[in-house]
Structures are given as structure tokens and as C-alpha cells.
Amino acid sequence: MNYWLFKTEPTSFSIDDLKRKKREHWDGVRNYQARNLLRDDVKKGDQVIFYHSSCNVPAAVGIAEVVKEGYPDFTAFDKNSEHPDPKSTKERPIWYMVDIAFKKKFSKPVSLHDMRTISQLHDMRLLQKGNRLSLFPISQKHFELLSELGA
DNA sequence: GCCAACGTTGGC
DNA sequence: GCCAACGTTGGC
């Protein structure tokens, strides 16, 4: 089993949205590196730290689980969607997504600021300079530590 | 709103 | 294949 961190802007899709819907597709990734991870490496049963970015308090806010492995992101085919891409077609899809299910909302979100003060987290990708990927793998240790801190 | 750090695009 | 210009991400 693998562990991941997924970033989202809470104004477009938050942990509360996921809690309410119970399960949702993780669409809109339009970056090849992230696409490759979604298509090839994110597996059913993998655990996900749900992270809010571009907001007042950037923070890890909960846990989700992958319930469906990579399949074509159909929102790319729809020119009225948030992230249309006319180059991607049903016959030759470019972009992929997975489905995730809500597991837990942290009672104590772990802010980016706090993470920087925790030495065991220093080698996490999120804290490194120039990190712009919307999802990336994290170690089991990091996953467990964030889960405990968030509780 | 600013800006650093990327990724992507397109001319050559 | 190089590289400048441009667009995006995301913290602050």
C-alpha cells in the first residue's frame, strides 16, 4: 500500500465537500508528472492526506482512501467543464483521474507552518522548495505522524 | 498583489 | 535541441 498527499484549493473542493459527497473523482489534473502518477502508481486502497492550498491557513485537513484506480478524466472532454482540453478525446485520452472516498476530517488540522517546525517532516516533498506537483507520494512514517498530529 | 520557481510553448 | 517568453502554482 502507498501513501500520498493530494493538494486542493478548498474554494473549489474541500474536505467538507468530500465528507458530504462521501466519494468523488479527483479531476482536473493537467500536469504530465502528476498524470503519470494517477495513471500508473495510485492504487486502490492507498491512503491519502488531504491538503488545502492557496487559502488562509494551508494545512493537512484529513484522510481519504483511493477507491478507483486511474481512468480517463472525462471532464477534459467537456468544453463546459472547469478544465476542458480539446486535445484529449475519448479515443485518445490524455488526462487521468482516480476516485477517492472520505475517511476522516482532522479535528486539529496540521498547518504548513507547523509542519515546518517538525524535524521528522523536513524531507517531505511538500516542504521543499519549488514543489508544485498537485499530488506526490509520502512515506508511511509521514502519513502516520500527520494522522496522529491531526487526530 | 507580489514574486519565486517551475512547466509549457513555439520560433529558430 | 536551444532558449526566451509566457502561464501557472502557491506561499506570503
Side-chain angles (χ1 to χ4, degrees), chain A residues 2-21 24-42 46-66 69-100 102-139 141-143 145-151:
Chain A
N2 288 312
Y3 300 90
W4 305 90
L5 186 145
F6 282 19
K7 287 188 210 167
T8 177
E9 297 188 19
T11 50
S12 55
F13 188 68
S14 71
I15 188 74
D16 290 320
D17 293 329
L18 182 63
K19 186 178 184 182
R20 189 168 54 248
K21 303 201 70 165
E24 186 58 293
H25 47 264
W26 188 266
D27 65 272
V29 169
R30 299 291 180 266
N31 167 285
Y32 285 100
Q33 238 183 308
R35 186 281 309 268
N36 292 346
L37 292 173
L38 286 172
R39 188 189 56 192
D40 304 330
D41 297 324
V42 179
D46 285 358
Q47 303 294 302
V48 174
I49 293 287
F50 200 98
Y51 176 82
H52 283 173
S53 69
S54 292
C55 54
N56 283 344
V57 184
V61 293
I63 298 171
E65 178 174 329
V66 178
E69 295 180 13
Y71 64 106
D73 181 344
F74 53 74
T75 69
F77 311 146
D78 177 4
K79 64 179 190 306
N80 296 318
S81 80
E82 303 263 324
H83 310 278
D85 183 353
K87 293 198 294 296
S88 186
T89 63
K90 280 177 192 163
E91 293 71 29
R92 288 168 173 267
I94 298 176
W95 306 113
Y96 282 73
M97 60 185 174
V98 299
D99 288 357
I100 56 172
F102 176 82
K103 279 196 79 175
K104 181 174 186 177
K105 179 181 175 180
F106 288 158
S107 58
K108 296 181 290 180
V110 186
S111 71
L112 181 62
H113 175 265
D114 288 348
M115 288 187 220
R116 292 194 194 282
T117 67
I118 298 165
S119 60
Q120 298 99 299
L121 293 175
H122 276 174
D123 54 340
M124 192 167 63
R125 193 113 157 227
L126 182 69
L127 306 183
Q128 282 155 20
K129 205 175 186 179
N131 144 68
R132 288 178 47 185
L133 265 191
S134 55
L135 68 142
F136 48 83
I138 61 176
S139 69
K141 280 201 161 76
H142 290 163
F143 178 85
L145 183 55
L146 288 171
S147 303
E148 286 167 25
L149 292 169

Checklist line | With A:D73, the side chain to side chain donor-acceptor pair (under 3.5 Å) member among A:H25, A:R30, A:H83, A:R39 | finding: A:R30
Check: Using a cut-off of 4.0 Å between protein heavy atoms and nucleotide atoms, how would you tag nucleotides 4-12 of chain C 5' to 3' with B, S and -?
Finding: ---BBSBSS
Note to self: I'd like to check the ring-ring contact (aromatic ring centres under 6.0 Å, His included) partners of A:Y32; sequence neighbours left out, ordered by chain and number.
What the structure shows: A:W95
Item checked: Pair A:F136 and A:W4, ring centroids less than 6.0 Å apart -> no
Item checked: Aromatic plane relationship, A:H52 with A:F50 - under 30° parallel, 30 to 60° tilted, over 60° perpendicular -> perpendicular
Next item on the list: Could you tell me the separation between the NZ atom of A:K105 and the CD1 atom of A:I63, rounded to the nearest 0.5 Å?
Entry: 13.5 Å
Note to self: Salt bridge or not between A:D16 and A:K19? Use side-chain N to carboxylate O under 4.0 Å.
What the structure shows: no
Notebook entry, point to check: Taking atom CD of A:E24 and atom CG of A:D99, what is their separation to the nearest 0.5 Å?
Noted result: 7.5 Å
Margin query: Within residues 33-40 of chain A, which residues have any heavy atom lying less than 4.0 Å from an atom of DNA chain B?
Written below: A:Q33
